[in-house]
Structures are given as structure tokens and as C-alpha cells.
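To keep things clear, I will list the structure first and then write my remarks on it.
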Amino acid sequence: MARTTRSKASASTAATSETKSTPSNTKSRYTLPTESTNPPKLFILPTSATKDAKIVSLLNPRYTKPTRYLVCPETGIYEFTRIAAPKATPRSWLIECGNTGKVEEKTSEDGAELGAYITKGADLYVATLIDPLFLILPAFAAQSANTKDEKRMFISSDDHLDSIREKSPHLSEILRWGNIRTLLESRMAAICDTAEAGDETMFRFNEDKLLTEVLSKAQKMSEQSLPKSMEEKFVTKALEAPVVGMKRENTTTLSISQTEAQVQSETPASTSTVSTPKPESVESQSSALSTGTAPSLVSEVSTAATSVVEESITTTTTAAELTPSLGASPEITTLQRLRTAFNFICSCYIAPSQVTRLQTKLKEQKPPPIDFTPLDNYLEEISKLRQELAAARSVGDYSRKRVLDEEELADRAEKKRRKEEEEKRKKAGESKGVRDLKKVNTVGMKKMSDFFKKK
Amino acid sequence: MLEARLEQAQILKKVVDSIKDLVQDCNFDCNDSGIALQAMDNSHVALVSMMLKAEGFSPYRCDRNIALGVNLVSLTKVLRAAQNEDILTLKAEDAPDSLNLVFESSENDRISEYDLKLMDIDQEHLGIPETEYAATISMPSAEFRRICTDLMAMSESVTIDATKDGVKFSCNGDIGNGAVTLRSHQNVDKPELNIDIELTEPVGLTFSLKYLVNFCKAQALSSTVKICLSNEVPLLVEYGLSGSSYLRFYLAPKIGDEE
């Protein structure tokens, strides 16, 4: 249900546009009406929300400043997402408020001219359900920052919420509505240890519970596939192994996966003899990227690290027959997806200080709620590969050269210097006239050897 | 072993001066008939050919053919130390790595001696056939130089049209166009001012003025210059030296570029 609404003039924070009167000295026959001080905004509101739903200001858990939410006494709390056209392609709404459109709360200033509007921006606000859990998180921010779990006290929900009542203008108000209080308290219970004290429930913030809660949300989010742009940027890209122009006999493109297999194979591999691929079997696959540097690097540098990589690569290519384009196993992809979802939730709804605590908890908790080690190993492997590739490329020499050591570098500098000197000397032996003649336009002039034959 | 004594150092000075802006390094090929030089500019569209006959020296001795590879800028530096009227002697071993130059002042008993390091220059030699040119123009070298420098102010190339009426140097540039026409002209008192046009058939060719102006640096060598043109062959600009020695410049015509 799309509705146009006008925020009341008193809620001036929402009215973003300023009054701009049209210049009075225009000679045009048509004058534009003055810009509205309180232009209508477009919202998409949930049909489930009842008539009593109101837009209120509550504390944003991430940015700790009041933000607008739609609160329905029965169905819950909704957050707004603004959908705006990019600056490069400006759009506007043409809003007709005649028979079809229904403008609520007609005020006197809307008056008779209320017919149609053209808005400056094509913003659209979409209200979606938000877990009230996040809205009460700021109440625990102070506690989570400096006290240990044991030292926290069981206190009533009201006392918890008192700490944010000041910054959250309409919180006390909505607590009186319908079942908002029960809703908040039930969600509070999800992240707190509770204790019954008489007829009142007391709450004590429990970070582990919060972590479980967030993780389960992340899991849910990652189970359905992530939005495409997100999937591409944070999952596919992050897991992409650099293309190494390496081909061995009949193996296809390098594909690293199954980090476990790698990890296990690393130890024996480093001790075993490094079989250097023969130059004939080495074919660069993506010319621009690797142009043979990578195989040469792998084959010639005999440092332990490289040989490990090389061997592990081969083990995986042979051990796990995977499609060449996909480097990571489904398991790793799932983990990465989960991590992306977790980070996304954290970055949207949880204050930075709490996020860091959550992340350390996620790492340190024993046993870990989710084991990210395979993913970490895999990412480490990729970054190592990338570094090596970058190093190989920075050599800038596409012949089969090793990484330059200092001696070679000095040699090169010396050669360069000598070349420059020679050039200088050559310049000195060149008269100004000869230099000038080089600039002369000789188009259409044949070479002397075209006229006179060599002796 | 080479030993060549020039009565006047200025001949070599002027020769080197007039080609050093065209050529950077070149070989002086010495044999018993004299000292020859053939070199092209960097773009290979112009060629300079010099011949200093043995008769121009006194004495001249060259037992074996020797190529003296010289950087002309360096040679200019050494020759700057010689006065125009000095007696200049060139000496070199059979397989030299340096050229010995001695300048003797006849007025006072000053003798200066220089050794110039030589270099190996790999140069190709072109055979230049004797050509019957369609038009041969002799004129004062100063006149030719003036025409070239005047027209250069207007354009980068000049069209030389030789007809039975005379020879016309015309150019067309961004700021406008210009032309200088010369007719055959005999000056009994000063034969060096004669303008002589020999024509077997009319010719019209276009040349780069930058190169022509460059050739004109040899004006100091001779009061007259001979310009020879034929269709489809390079222009020849020849400065005669004493005896049958000469300094010749060849320049490829501009074809299909009528700007």
C-alpha cells in the first residue's frame, strides 16, 4: 500500500527542503508556485500495520542518534529504507492527490491548490519490519563496554530502558501502546539472562546470547542467497583465486579449494622434492596478468614458502576435481556468505564498540559457535598467492627471471646510469643544426637510397 | 700514412662548418686522389658529398686508403683553434685511432698541434651516377641563400619552377605566399654575379626549405652555386672549390605533398 503522507509542520526535522521563492523579476507569463516548505514524501507501508501506527523517533542502535521508525501497536516496529535515484540520473515523482491518491491529515495550508505535485527528488521510503532487539541494544551499550558478565546486575526492563530514554524521544510514549512493551521485553529476554522477582522479570545482559541471536539471523540471511551485488562483491570476489598462468600436463586451471586437504598436505609437501614443471608444459593462460611470471616464479624460486604453495596447489588440483572457474568449495562459500551476512547485520544495527566485542567473542568462544578456520585458511592461501603474484609482477621483467636480489638491482641501476651517460655523450656530439633537422617535416620525401644504389 | 697540407685552414674549417649541421658523424675517406666524404642526414633524405682533390694540397701523401671516422662537432671544436690563414696539416697513421692536426701561423712562428680521437663509423656508400639534369642554374651563392631564407619566413617548402622564361622560387604558407623569379643575367664587370640558366626541358619540383637553408651554410666556400634539377631525381646543390674539388648536397624532392 503506497501512501503519500505529509509530516506535520511541527516535526520540522523531517522537512528537509527549504523555502525558495521564485525570483520576482521574472518576465515569464507563468510563475512557478513557491516551493512547498513541507513537501509530501512517498512511503510504502506494510498492509499489516494498523491505523494506529505512527512514525516516531527512536534511538538508532548503530549511529546512536534519533531516527524515524514506524511503530504499530500491534504488529511491531518497522524501519525505513530510503530508495533514491542516483545523483547522475535525477528523477522526480509526479504525485496526484485527486480522487485516487488519498492525502491524510489535510491541513489548512494544503488548501485548494492541492491537486498535483512534482517533487524534487524521487525518494521512496520503504518500511520493513525490524527486530526490536536492535532497538534496545543501546540500553546495554554502557554495560557491555566495561563490565564483566558476572558483575552485571539483574534489573527491570524499565531501568534498562531508562538509560536511553533521553536520547530516544518517543520511547516512553510507545511503551504505553498496545503490546509494544511485551514485545520489547520478550526480545530483551532473548539477549539477557532473566530472573523472576515477584511478579516482575529482571534482566541481565548476556553477550553470548546476543552473539547467538545475531549468528542465527546471519545464518538465516545466508541460507537464502544474498542479494546479487552483495554476493558478487563480498563472496565471489573475495574467494576468487588469482589466475595463475600455470598448466601442468593435463590439469586444468589452477583451482585451490578444500583447504583441509591443503593444510594436511603442506607438511609433507615442503619436505618432498619440488618437482619443477618443465618450461614446455608451462603455458601462460592469461597473458596480461601472468605472462609466464608466475610459473617461473614457482618453478625457480626454491624458498620453502613457494614450494609449499606449489605443492599444495598441485595436490588440490589433483585431489579435488573441481570446476576450473570456481576456486572455493561450497563449504567455504557458505562460510564466507555467513560471515558476510554477519558483518552486514553488525554494520547496520549494532554500535561499533559492541561489534568489536562481538567479533572477539566469536573468535575466542570455546567451542566456537561457527568454525571459520577453513575459510580463514583458504583466504590466507589466496592472499599469499596474490602477494606472490604481485611480487612477481612487480619485477616487471617477463623473462624467466628470479626475484631480484640486491646485487642484481645494483647491477641494473649501474646499467641504467651507463646508458644515460652514453646518451648524454651522444647528445653532446650532436650539433644544434642536426637536432633541429630531426624536427623537419620530411613527409613525401624519399630516402636517398631510393635514388642512389649502394656501392 | 696520411699527410695532407692545406695552405689555408679556412677551406676545411668552412667545409666542416657547412656540413656539421646536417651530419653528426662521418668518415673522411682518404686515398691517393684526395679526401672524400659522403654522408646522409638522420632522415636519409639529404646527402652531402665532398671531394678535396689531392691537387688542393701541397704536399699530399696517402699510401693506403684510410677512413677517418670523425664526430663533426668535435672536429669543429679543434678547428676553431685554427686561424683562417693558418697552414693546416692533417696526419694519420695507416690504422689510426686519432687524427693529428697541426696549425702553423705564417705571421708568427706559432705552431699548434691537436690530436682528435677517431671513431668507427659504419656507413653505407651510395653510388651517385653522373646525371644529365633538365635544368642547371648557376647563380651567386649569396642570392640563393637570400631566396631561401626569405621564403623560409613564409613556408616550410619551396617550389622551384624552371622554364625558358626563368626560374621561379615560389612558396605558399599560412600567412600568404611569395615568389622570387630570376632570369638569365650577364654582368660583364662582375662575372660572379652572373645568372645562367641551362634548360633542356621545363621542371618544377618542391623541396624542404629547412634543408636548403642548411645547405646555404656553404655559401662562404664559394661565390657561386650550381643548382641542378630533374624530375624524379634529387636536387643537386653544388659549391665549387678551388681546383676541381667540390661540396655537393643532394635533396629528395617532396612528392604528393602540395602544402
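A note on names: the letters A, B, ... follow the listed sequences, proteins ahead of strands, and every chain is numbered from 1.
Identified under the salt bridge (Lys or Arg N to Asp or Glu O under 4.0 Å) test for residues 124-134 of chain B, with sequence neighbours left out: A:Lys454-B:Glu124. Under the salt bridge (Lys or Arg N to Asp or Glu O under 4.0 Å) criterion, the residue pairs touching residues 21-37 of chain B are B:Asp21-B:Lys217, with sequence neighbours excluded.
Contacts with chain A were tallied for B:His44, B:Lys20, B:Gln24; B:Gln24 has the most, counting heavy-atom pairs under 4.5 Å.
Contact of A:Val434 with chain B is made through backbone and side chain together, with heavy-atom distances under 4.5 Å. With a threshold of 4.5 angstrom between heavy atoms, B:Ser43 approaches chain A through its backbone and through its side chain. Neither the backbone nor the side chain of B:Leu209 has a heavy atom closer than 4.5 Å to any heavy atom of chain A.
A donor-acceptor contact closer than 3.5 angstrom is absent between the side chains of B:Lys53 and B:Ser245.
Of the candidates B:Val167, B:Asn231, B:Leu235, B:Val203 forms a side chain to side chain contact (heavy atoms under 4.5 Å, CB included) with just one, namely B:Asn231.
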